[in-house]
Number of protein chains: 2
Amino acid sequence: MEEKEISQAVIGRLPRYFRYLGELRDEGVERISSQELSELMKVTASQIRQDFNNFGGFGQQGYGYNVEYLYNEIGKILGLDRKHNFIIIGAGNLGQALGNYTNFERRGFLFKGIFDMDPKLAGKEVRGVRVMPMEKLEEFVRDNDVDIAVLTIPKTGAVEVAEKLVKNGVRAIWNFAHVDLNVPEGVMVENVHLSDSLMKLSYNISRYMKERGEI
Amino acid sequence: MEEKEISQAVIGRLPRYFRYLGELRDEGVERISSQELSELMKVTASQIRQDFNNFGGFGQQGYGYNVEYLYNEIGKILGLDRKHNFIIIGAGNLGQALGNYTNFERRGFLFKGIFDMDPKLAGKEVRGVRVMPMEKLEEFVRDNDVDIAVLTIPKTGAVEVAEKLVKNGVRAIWNFAHVDLNVPEGVMVENVHLSDSLMKLSYNISRYMKERGEI
DNA sequence: TTTATCCTGTCAATTCATTGACAAACTTTT
DNA sequence: AAAAGTTTGTCAATGAATTGACAGGATAAA
């Protein structure tokens with residue numbers, strides 16, 4: 001079905017299409033053309049058609065795209081038609097925030113466990129899930145069909161924990177630790193380096209101020 | 001000094017260079033060649049030289065780059081040599097997590113205020129800063145030289161709050177709300193759409209499984 | 001000092017991504 | 001039923017980003 005490699009540039013845009021289409025669907029919109037969608041999303045219509053075509057023809061000439069259908073297809077492409085069990089390692093504010101974020105559940109991401117090395121946190125509940133000590137991590141991963149591990153621990157230790165996770169069968173890591181993980185071929189890592197993002201913002205502020213002579 | 005527009009592709013790589021150089025510096029490394037750095041960071045040496053050259057020649061033939069110097073220069077480019085006051089709007093888990101993240105302080109990002117519409121949270125302290133009610137937001141922004149506003153509220157309301165922020169002089173928004181903000185020219189927005197990031201991970205898991213015939 | 005080696009800055013070549021243009025196919029109107 | 005109007009899928013053209021190659025300047029070794 002899918003033969004050629006899809007570029008990450010395209011993949012990166014899919015969630016945004018998905019979001020807009022979901023909103024349109026909720027508003028009861030039945031069909032939309034690439035032209036209309038392009039105005040709404042502020043991208044070119046050509047890019048939209050090109051992007052969708054990577055996955056086959058979802059539209060129809062003279063009609064456009066059926067919102068509901070397109071929404072579902074993109075959902076499938078993103079793998080949202082199946083369940084993913086995830087655990088969180090690091091039960092600090094960020095780990096708890098992600099555990100409490102119920103929207104993930106709606107997309108098929110099921111919160112199954114949370115771990116922390118701090119014994120003070122052990123037993124505390126996050127959305128009905130008890131914080132477990134790190135000693136239980138490997139066993140839990142082996143026994144509970146964990147697809148995704150969310151790393152919300154300081155960078156010290158993150159590399160080591162990632163190795164343990166991979167060794168016990170985790171296939172994907174959502175990495176909030178500020179360090180690059182070195183995982184074997186076939187293990188997916190998606191980095192969320194918050195301070196990198198903040199620095200980009202800082203750069204753009206500086207640049208803007210320099211342009212305007214405010215510095 | 002800086003004339004030509006630097007592409008966001010380059011800007012996006014600067015924080016990572018900055019991180020690696022900081023670590024090298026902390027390890028006492030004095031000099032490094034693009035070749036060595038490329039092996040460490042797993043990018044091409046050509047890209048490294050090309051990237052740095054956007055900002056002028058930081059290196060020297062036959063020597064390489066001075067780690068300390070390069071680190072500082074990139075810091076300056078990123079605007080980390082000056083202070084940025086920031087406030088957080090939304091004192092849920094995520095807002096509190098960001099407020100408590102002391103590393104931002106080290107980079108010159110100063111946590112000045114946090115707001116929430118929930119009266120139960122009013123008065124609660126996050127790293128020495130009292131949660132204020134939303135009614136105080138606009139006044140606070142006007143009076144306290146706020147550079148960056150961090151939006152950690154649900155998407156309902158985010159657009160409206162962003163408008164208020166801009167109207168009162170905020171120049172940059174770090175947006176964690178799952179919605180696109182529509183701000184005037186000159187206001188910087190850096191989006192952190194966590195669920196988009198998670199969907200990308202999900203896509204890559206699915207793709208890998210399909211490749212291997214596991215689906 | 002001289003020679004060999006190293007390594008940047010930059011230009012050119014290549015690859016990748018985006019945009020523009022239009023034939024073909026469908027929908028709507030007359 | 002025919003004509004007019006839409007809108008996709010795709011090809012070609014353009015633009016942007018990455019990689020490769022190397023001259024020339026600096027360092028290190030002999």
Side-chain angles (χ1 to χ4, degrees), chain A residues 1-17 20-21 24 29-74 77 200 203 207, chain B residues 1-17 20-21 24 29-74 77 200 203 207:
Chain A
M1 200 189 194
E2 274 134 288
E3 304 288 344
K4 59 182 174 306
E5 179 94 9
I6 311 293
S7 80
Q8 288 294 316
V10 175
I11 308 310
R13 285 191 291 264
L14 292 182
R16 187 154 178 265
Y17 291 133
Y20 273 86
L21 289 165
L24 287 166
V29 177
E30 248 183 37
R31 57 183 265 194
I32 194 161
S33 68
S34 58
Q35 178 61 39
E36 291 169 299
L37 191 55
S38 81
E39 281 159 20
L40 197 59
M41 297 184 64
K42 305 208 172 105
V43 297
T44 64
S46 188
Q47 179 164 78
I48 290 175
R49 294 203 297 275
Q50 198 81 269
D51 282 350
F52 292 168
N53 249 89
N54 279 293
F55 307 97
F58 295 145
Q60 193 157 49
Q61 284 122 316
Y63 176 88
Y65 300 89
N66 178 284
V67 171
E68 176 91 32
Y69 175 72
L70 186 55
Y71 174 79
N72 288 326
E73 287 304 308
I74 294 181
I77 292 165
K200 272 196 280 176
Y203 170 84
R207 201 184 66 99
Chain B
M1 202 186 193
E2 274 134 288
E3 304 290 343
K4 61 184 173 303
E5 180 94 7
I6 311 293
S7 81
Q8 287 294 314
V10 175
I11 307 310
R13 286 192 291 266
L14 292 182
R16 188 154 178 263
Y17 291 133
Y20 274 85
L21 289 166
L24 287 166
V29 178
E30 248 184 37
R31 58 183 262 192
I32 194 159
S33 69
S34 59
Q35 177 63 38
E36 291 168 300
L37 191 55
S38 82
E39 281 158 21
L40 197 59
M41 297 184 63
K42 306 209 171 102
V43 296
T44 63
S46 188
Q47 180 164 79
I48 291 175
R49 294 203 296 277
Q50 197 80 268
D51 282 351
F52 292 169
N53 249 91
N54 279 293
F55 307 97
F58 295 146
Q60 193 156 48
Q61 284 123 316
Y63 175 88
Y65 299 88
N66 179 283
V67 171
E68 175 91 32
Y69 175 73
L70 185 55
Y71 174 79
N72 288 327
E73 287 302 309
I74 294 180
I77 292 165
K200 273 196 280 177
Y203 170 85
R207 200 184 67 100

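Treat the numbers as computed from the prediction; the structure is a model and nothing was measured. All chains are named by letter (A, B, ...) in the order of the sequence lines, taking the proteins before the strands, and each is independently numbered beginning at 1.
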Six-ring centre of A/Tyr65, A/Arg31 cation under 6.0 angstrom, axis tolerance 45°:
no

What is the nucleic acid contact for B/Ser46, judged by heavy atoms within less than 4.0 Å: base, sugar-phosphate only, or nothing?
base

Has B/Gln60 got a side-chain N or O lying under 4.0 Å from the OP1 or OP2 atom of C/dT8?
no

Answer yes or no: side-chain N or O of A/Gln61 and base N or O of C/dA24 forming a donor-acceptor pair under 3.5 Å.
yes

Heavy-atom pair of closest approach, residues B/Tyr203 and A/Ile77:
CD1-O, 3.1 Å

Considering only side-chain heavy atoms of A/Arg13, which listed nucleotide, D/dG9, C/dT19, C/dT18, is closest?
C/dT18

According to a strict under-4.0 Å criterion, is B/Arg31 in side-chain N/O contact with OP1 or OP2 of D/dA28?
yes

Report which part of the nucleic acid B/Phe52 touches: base, sugar-phosphate, or nothing (heavy-atom distance under 4.0 Å, all strands).
nothing

In terms of side-chain heavy atoms of A/Tyr65, which of C/dG9, C/dT28, D/dG9 is nearest?
D/dG9

Please determine, by modelled atom types, if B/Ser33 and B/Glu36 share a side-chain donor-acceptor pair under 3.5 angstrom.
yes

Any side-chain N or O of B/Ser34 less than 4.0 Å from the OP1 or OP2 oxygen of C/dT8?
yes

Got a second to check how far B/Phe52's CZ is from B/Ser34's OG, nearest 0.5 Å?
8.5 Å

How do A/Tyr63 and B/Ile32 order along DNA chain C: which one's closest nucleotide is nearer the 5' end?
B/Ile32

Per the atom types in the model, does the base of D/dT19 pair as donor or acceptor with the side chain of B/Gln50 at under 3.5 Å?
yes

